Amino acid sequence: MNSIDNQFIKSEIQREWLNKTEELIKDFSLRAESYDKEASFPLENFDQLKDKGYFKLTVPKEYGGYGASLYDFLLVQEKIAQGDAPTALSLGWHLGLIMHLRETKKWKKETFEEICREVVGQNILINSAATEPNSGSPARGGKPETNAVKANAKWIINGKKIFTSLAPVLDYFIVPATIEETGEIGEFLISRESVGLRIEETWDTVGMRGTRSDDLILEQVEVPLAALVDKRVKKEKPSAQGWLLHIPACYIGIAIAARNEAVTFAKTYQPTSLPHPIKEVAEVRRKVAEMDLKLSTARTFLYSTAEKWDQHPLERQTLAYDLAIAKTLVTNTAVEVVDLAMRIVGGQSLFRSNALQRHYRDVRAGLHNPPSDDITMKILGDRAFAD
């Protein structure tokens with residue numbers, strides 16, 4: 001690990017996890033181009049992550065997991081993204097959701113424990129499937145068109161979800177649906193084996209191609225009444241969800257990878273017009289310094305916010321604004337750093353064989369993950385004029 005990798009390590013346990021992850025991403029980076037080109041899910045990467053126990057990173061210790069803190073989780077997430085961004089983002093949804101359920105205790109204890117035991121014992125994967133074609137991101141408050149009807153002591157669910165990351169390998173889907181009788185929004189835990197559930201392969205994007213965030217189709221899917229695991233309550237103020245910091249951690253990991261590519265290139269590339277590699281050129285050094293300045297600033301805010309979350313659990317609701325700022329600041333910084341890296345490398349960065357063009361496409365996806373920039377600006381503006 002280089003100096004910027006060591007910058008935020010605070011414990012030997014964190015160092016052990018990062019050393020272990022450093023070994024994994026050597027393989028991940030070798031396969032990244034192939035997954036991107038084929039838009040295929042990184043199955044080999046997930047097999048390695050499973051073998052090394054990453055699926056249970058955020059599962060509580062009492063259920064057999066590692067009970068990682070938010071800070072621990074972000075360090076690992078950032079490091080995985082340096083090897084393969086879609087792998088990091090996909091795993092992050094699973095790990096983050098487990099962390100969210102662990103901290104909010106929003107499910108019945110026995111339901112959550114059962115899922116955790118399956119993660120530990122069977123390496124199952126779980127994610128939410130919330131976005132719909134017409135309602136868009138659930139962060140904007142749209143009501144699901146997916147509906148749930150109670151009949152014969154069962155729920156019957158029909159609908160369509162898009163952006164279902166991890167779709168090829170998910171064992172459980174958490175599906176928000178409008179309950180027909182009451183108009184409430186319920187969240188249903190649905191097994192992949194359910195009759196009437198299928199995945200429609202529609203994912204064809206220019207970035208984050210390996211997440212395979214395909215469509216989830218639900219046609220007369222019958223689930224037991226106990227599948228209703230939660231009901232959504234509309235909140236007047238933005239809620240604090242620390243686990244969503246896995247998103248900016250992933251994208252700043254991409255930026256670090258791009259920075260490292262540019263530095264390596266500058267050390268070795270020597271055009272015939274110079275008697276030395278371009279690392280000696282003042283403007284190249286200035287751009288590298290600018291990348292490191294931006295990375296250090298963004299990561300400091302990201303990890304200080306995570307540290308507050310971990311150390312002051314009773315004050316987490318006060319961090320809603322900091323969490324939104326972190327996402328906007330870090331993802332936009334990541335885009336800027338990748339752009340600087342490409343300016344250092346020049347036209348060669350546009351070749352398909354160059355990792356930088358993949359980083360460029362992947363990093364821009366962060367702008368569209370929740371919360372989007374306009375939501376962050378709105379809540380900050382509202383707060384300012386509410387004083």
Side-chain angles (χ1 to χ4, degrees), residues 4-11 13-15 17-18 21 57-58 66-82 85 88-89 91-93 95-104 139 235 237-256 291-337 363 365-384 386:
I4 65 169
D5 283 322
N6 287 316
Q7 191 174 357
F8 296 96
I9 298 174
K10 294 199 169 189
S11 71
I13 292 176
Q14 290 171 358
R15 189 176 299 279
W17 272 105
L18 290 185
T21 309
L57 182 67
T58 56
Y66 294 107
S69 68
L70 179 60
Y71 195 108
D72 300 336
F73 173 30
L74 300 188
L75 281 173
V76 172
Q77 178 79 345
E78 182 187 81
K79 176 59 72 174
I80 295 174
Q82 291 178 42
L89 189 64
L91 181 67
W93 289 117
L95 293 178
L97 186 56
I98 295 292
M99 173 174 281
H100 180 57
L101 295 172
R102 180 187 86 191
E103 294 177 342
T104 60
K235 299 177 178 64
K237 293 184 178 181
S239 60
Q241 300 187 65
W243 71 283
L244 286 174
L245 289 184
H246 83 88
I247 297 170
C250 172
Y251 291 101
I252 208 68
I254 299 172
I256 293 170
M291 287 193 294
D292 283 5
L293 180 63
K294 288 176 179 292
L295 286 170
S296 184
T297 301
R299 294 170 81 208
T300 296
F301 192 86
L302 176 68
Y303 285 110
S304 65
T305 303
E307 195 168 37
K308 289 177 188 176
W309 180 272
D310 289 333
Q311 294 184 359
H312 305 285
L314 297 180
E315 300 174 16
R316 285 175 177 170
Q317 273 310 118
T318 66
L319 292 177
Y321 296 95
D322 285 4
L323 293 167
I325 292 169
K327 192 274 173 176
T328 292
L329 171 66
V330 175
T331 51
N332 279 278
T333 296
V335 171
E336 294 167 5
V337 169
V363 80
L367 302 175
H368 309 293
N369 286 132
S372 59
D373 291 356
D374 65 300
I375 290 179
T376 297
M377 299 308 180
K378 180 182 184 304
I379 64 173
L380 291 176
D382 289 347
R383 182 178 67 170

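This structure is a prediction, so every number in the text was calculated from the model and none was measured.
- Listed by chain and number, the residues in a side-chain contact (heavy atoms from CB on, under 4.5 Å) with Gln241 are His100, Ser239, Trp243, Leu244 (sequence neighbours excluded).
- Not counting sequence neighbours, the partners of Glu78 by the side chain to side chain donor-acceptor pair (under 3.5 Å) test are Arg299, Tyr303.
- In terms of the side-chain contact (heavy atoms from CB on, under 4.5 Å) criterion, residue partners of Ser11 (sequence neighbours excluded) are, by chain and number, Ile13, Gln14.
- At distances below 3.5 Å, not a single donor-acceptor pair connects side-chain atoms of Ser296 with backbone N or O atoms of Asp292.
- Residues forming a salt bridge (Lys or Arg N to Asp or Glu O under 4.0 Å) with Arg316 (at least two apart in sequence, or on another chain): Glu103.
- Take Thr21 and apply the side chain to side chain donor-acceptor pair (under 3.5 Å) test, not counting sequence neighbours, and it matches Tyr54.
- With sequence neighbours left out, the side-chain contact (heavy atoms from CB on, under 4.5 Å) criterion links Thr328 to Asn332, Asp373, Thr376, Met377.
- Partners of Arg15 according to the salt bridge (Lys or Arg N to Asp or Glu O under 4.0 Å) rule, which considers only residues two or more places apart in sequence or in another chain, are Glu12.
- Take Lys327 and apply the side chain to side chain donor-acceptor pair (under 3.5 Å) test, not counting sequence neighbours, and it matches no residue.
- Legend: residues meeting ring pair (Phe, Tyr, Trp, His ring centres under 6.0 Å) with His312, ordered by chain and number and at least two apart, are absent.
- Applying the side chain to side chain donor-acceptor pair (under 3.5 Å) test to Glu336 and every residue at least two apart in sequence or in another chain returns Lys294.
- Separation of atoms CG (Leu302) and CG (Leu70) is listed at 8.0 Å; rounding is to 0.5 Å.
- Every residue was checked against the salt bridge (Lys or Arg N to Asp or Glu O under 4.0 Å) condition with Asp310, not counting sequence neighbours, and none meets it.
- Using a cut-off of 4.0 Å between Lys/Arg side-chain N and Asp/Glu carboxylate O, Lys378 and Asp382 are scored as salt-bridged.
- Partners of Leu329 according to the side-chain contact (heavy atoms from CB on, under 4.5 Å) rule, which considers only residues two or more places apart in sequence or in another chain, are Phe301, Thr333.
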